[in-house]
Amino acid sequence: MAADTPVLLLVHGFPLDSRMWFAQVEGLSGLRRVMAPDLDGHGGARDRQPSDSIDGLARQLARHMDDAGVDAVDLAGLSMGGYICFAFLRLFPERVRSLVLVDTKATADTEAGRAGRDALAARIREEGAAAAAEVMLPKMLTPGAGEKVREWVHHMMLEQPPEALVADLVAMRDRPDSTPDLAQVRVPTLVVVGDADEVTPPAEAEAMASAIPDARLVAIPGAAHLSPVERADDVNAAIQDHLR
Ligand code: MLT
C-alpha cells in the first residue's frame with residue numbers, strides 16, 4: 001500500500017479494546033490504511049495511564065496520528081469512540097477528512113445516566129471488569145448472535161484493566177453535549193446504527209443524521225449495539241460506500 005494511502009482511524013467503545021474492529025481492519029484494508037489503536041490503559045496499551053477526560057482521549061488519537069506521520073484521517077468511532085470523535089472534531093477539525101459515527105449519540109448523559117456511571121464505577125472498583133461485563137454484555141448483541149461471538153466479546157471485556165474502565169466512565173459522564181456541534185460538521189458523514197441498539201437507539205442516530213449537513217444514515221438489520229461485530233459485512237459495505 002502506497003505511503004500516501006489515506007488512513008481510516010477506528011476508535012473503540014466501552015468496555016472494549018481495538019479488537020472489536022477486527023472485521024473492519026480485515027475488510028477495509030484494501031481501501032484505506034487502517035489504524036485501530038487501543039486507548040491508553042486498554043488492551044495492548046494497558047501499561048499506559050488511562051485518561052478520564054474525553055478531550056484527553058481525543059488527544060491520544062492525535063498522538064497516534066503524529067507517531068504515524070499522518071495529518072488527517074477518515075475518523076470512525078463506536079459509541080464511546082463516537083463521543084471521542086466529537087471531541088477530536090472540536091480540537092482538531094482540520095485533521096478529519098470524513099466521519100463515521102457507529103452506534104453512538106451526540107447528547108450528553110442525563111442526571112440518571114451520570115448517577116449510573118458512578119454506580120458502575122464503584123462496582124468496578126470492588127469487583128473488577130466483571131461488573132462492566134455483566135452490565136454491558138447483554139446490551140451488545142442480539143439473541144441471534146452466536147455463542148462463540150458472545151464469549152469472545154465477554155472475554156475482551158474481562159481482560160480490560162479496571163482502572164481504564166473507571167476512567168472511561170468518568171470521561172463519558174463528564175462529556176459535553178455535542179448536539180450544538182452537529183450543524184457545523186463540514187465533512188462527509190455516515191451514521192450507522194443497529195436497528196436493535198438499545199444503548200444508543202436508532203432515534204438518536206436519526207437525530208444526528210438530520211442535524212449534520214448531508215449526512216447519510218444506514219440502519220443495520222439484526223444488530224444491537226455492537227453492529228460492527230454482529231453484522232460486520234453490512235457495516236463494512238456501508239463504510240466502503242462512504243469511503244468511495
Ligand atoms: C460504549 O459502548 O462505548 C458505551 O456503552 C457507551 C455508553 O455507555 O454511553
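Just so you know, ligand 1 is whichever comes first in the structure, and atom 1 is the first atom listed for that ligand. What you see is a predicted model; the values in this text were computed from it and never measured. Side chains are part of it too, since the values below use all heavy atoms of this structure and drop only hydrogens, waters and symmetry mates.
Ion pairing between Glu163 and Arg46 fails under the 4.0 Å rule for side-chain N and carboxylate O.
Not counting sequence neighbours, the partners of Phe88 by the ring pair (Phe, Tyr, Trp, His ring centres under 6.0 Å) test are Phe92.
The minimum heavy-atom distance between Pro37 and Ser18, with the atom names listed, is O-CB, 3.6 Å. Of all non-hydrogen atoms in Leu31 and Thr5, the two that sit nearest each other are O-CG2, 4.4 Å.
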(request) Could you go through the side-chain contact (heavy atoms from CB on, under 4.5 Å) check for Leu141 and Val149 one step at a time? (result) CA-CA 9 Å; Leu141 302 161; Val149 175; 4.2 Å; yes
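Expressed to the nearest 0.5 Å, how far CG of Asn236 lies from CG of Leu28 amounts to 4.5 Å.
Using a 4.0 Å heavy-atom criterion, the residues that approach ligand 1 are Gly13, Phe14, Ser79, Met80, Tyr83, Arg117, Met136, Met172, Val199, His225.
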